[in-house]
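First comes the structure, then the notes that go with it.
Note that the coordinates shown come from a computational prediction; the quantities given were computed from them, not determined experimentally. Naming: A, B, ... by sequence-line order, numbering from 1 per chain.
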Protein chains: 4
Amino acid sequence: MHVTIENAEAAIRAAIEKAREIDTFMCIAIVDSGADLKAFHRMDDAWVGSIDIAIKKAKTAVFFGMPTGEIGKLSQPGGPLYGIEHSNGGLITFPGGLPIVDSEGVMVGAIGVSGSSVENDHAVATAGAKALGAWELPAHPWRT
Amino acid sequence: MHVTIENAEAAIRAAIEKAREIDTFMCIAIVDSGADLKAFHRMDDAWVGSIDIAIKKAKTAVFFGMPTGEIGKLSQPGGPLYGIEHSNGGLITFPGGLPIVDSEGVMVGAIGVSGSSVENDHAVATAGAKALGAWELPAHPWRT
Amino acid sequence: MHVTIENAEAAIRAAIEKAREIDTFMCIAIVDSGADLKAFHRMDDAWVGSIDIAIKKAKTAVFFGMPTGEIGKLSQPGGPLYGIEHSNGGLITFPGGLPIVDSEGVMVGAIGVSGSSVENDHAVATAGAKALGAWELPAHPWRT
Amino acid sequence: MHVTIENAEAAIRAAIEKAREIDTFMCIAIVDSGADLKAFHRMDDAWVGSIDIAIKKAKTAVFFGMPTGEIGKLSQPGGPLYGIEHSNGGLITFPGGLPIVDSEGVMVGAIGVSGSSVENDHAVATAGAKALGAWELPAHPWRT
């Protein structure tokens with residue numbers, strides 16, 4: 001199952017609205033359940049370096065079906081996933097990437113946001129994911 | 001000078017309209033004058049392999065300030081630019097990428113389209129670029 | 001807005017002068033506001049390994065509109081941006097990269113210096129950036 | 001033996017002079033005999049895509065101790081070096097890259113030029129290499 005472009009754009013619009021509300025300039029990426037880019041939006045004045053980070057956050061969230069920040073907790077020195085960032089062409093494992101889960105518990109894609117503090121990135125990603133109804137994560141495994 | 005996100009979205013909307021008119025399913029990418037991604041849109045049912053091609057077409061068009069197909073004419077076996085595709089992380093040199101030039105003759109970015117025949121890709125890219133007023137190419141050098 | 005080659009060379013000359021004053025051998029890179037290389041200078045006897053570091057520092061400084069060392073403070077184990085170095089083809093997040101900001105507060109590019117201690121790299125980068133009049137950083141967002 | 005930075009800059013100055021004389025906007029790269037970047041200069045209005053091509057031309061010329069165009073003759077479909085461009089992180093095998101050979105017949109580096117037709121690129125590279133006294137190539141093997 002894949003996020004539709006209509007859904008992807010709705011998520012981006014909701015994310016932009018939140019970004020403006022908190023006075024930030026974000027890059028916002030949506031990938032489908034295959035981790036392939038569906039839509040991307042760079043707000044004017046967003047950091048150029050955030051393009052790749054937003055996309056990698058979205059991919060990372062789909063790769064493992066969890067918020068990027070959860071992976072980051074496990075990838076610290078001494079942790080069980082230390083160095084996982086070297087896989088899959090480069091992961092980003094701090095907050096700002098969230099799976100997009102439909103109302104039946106199916107992961108249809110993910111959103112990745114970069115451009116401000118990780119708290120702001122996460123807040124904007126949450127606004128985007130929630131626009132599609134649900135991002136609370138059912139138990140693994142994901143049906144994709 | 002960089003394309004604004006408002007302009008980028010206008011170009012994408014015009015491209016989508018043309019894509020629908022000719023019954024195709026396209027990936028459409030907009031980059032700024034530094035070849036950095038500004039916006040991306042993958043229509044439902046577009047080829048997954050077209051994601052990277054659309055982005056590389058847009059980058060290629062900005063890299064050399066000309067339609068991608070013009071470079072492809074020069075990069076054939078025996079041609080003066082044979083093998084140029086190995087540069088810049090990979091170029092796409094068949095039609096579907098066009099510089100976006102503003103009304104003052106400044107190249108502000110480029111559009112790349114992939115998902116159908118190269119004729120269709122080029123037609124959709126043209127529709128997108130023209131939405132911003134001008135894509136006829138002034139003589140080199142570009143002011144960027 | 002992009003740094004001109006005349007400005008880039010002025011920044012490099014000022015950086016070289018500082019490098020000689022403190023008896024170091026530096027690689028010095030200047031990128032424009034799209035993070036694309038504008039000029040590069042490797043002093044005789046500078047480390048070969050510093051070529052890539054100087055370029056990556058300059059790119060990193062433009063990517064996020066801040067001194068590279070500021071990003072490094074946030075990317076330590078346990079920090080909010082841990083692992084950000086995996087993005088954008090590889091970042092360098094210790095000191096030695098600085099945005100170049102013109103007198104109107106516009107970020108026109110960045111300088112990256114590598115070849116000695118990070119304190120020396122930072123001192124030489126500062127001398128280079130200041131040659132263009134201003135590198136004190138206005139509040140985000142950057143206009144680019 | 002390596003080209004000095006003083007020599008590299010002399011070659012770049014001579015190349016720029018030629019580029020202006022023929023009304024072109026070039027990227028000019030100098031590498032040492034280890035194929036490591038020594039100096040780089042992007043003239044204002046030069047194509048962004050020429051940055052990587054100029055550097056790859058210089059590296060390619062050193063990698064095999066011959067003008068890039070000579071390699072391109074051998075790398076055509078059916079030729080003995082078909083596909084060699086896939087090596088060494090990507091080669092550019094059309095004209096515009098030349099070894100820099102000192103007066104004792106030692107290859108001390110190379111110059112790579114990109115930004116116009118291959119004829120112009122080659123003419124500007126020749127002007128740069130000749131500024132160092134000799135680029136006529138003695139017989140292989142090169143002493144490096």
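Side-chain atoms of A:Lys57 come within 3.5 Å of backbone N or O of A:Val113 as a donor-acceptor pair. Side-chain N or O atoms of C:Thr60 include none that pairs as donor or acceptor with a backbone N or O of C:Thr68 at under 3.5 Å. Between the side chain of A:Asn88 and the backbone N or O of A:Gly90 there is no donor-acceptor pair closer than 3.5 Å.
When heavy atoms are compared at a cutoff of 4.5 Å, A:Ser50 approaches chain C by way of both its backbone and its side chain. Residue A:Ile55: no heavy atom, backbone or side chain, is found under 4.5 Å from chain C. Proximity to chain C (any heavy atom under 4.5 Å) is shown, for A:Ser75, by both the backbone and the side chain.
For the set A:Glu85, A:Glu119, A:Lys56, A:Lys73, the entry with the most heavy-atom pairs within less than 4.5 Å of chain C is A:Glu85.
Two residues are said to be in side-chain contact when any heavy atoms from C-beta on lie closer than 4.5 Å; A:Phe64 and A:Ile84 meet this criterion.
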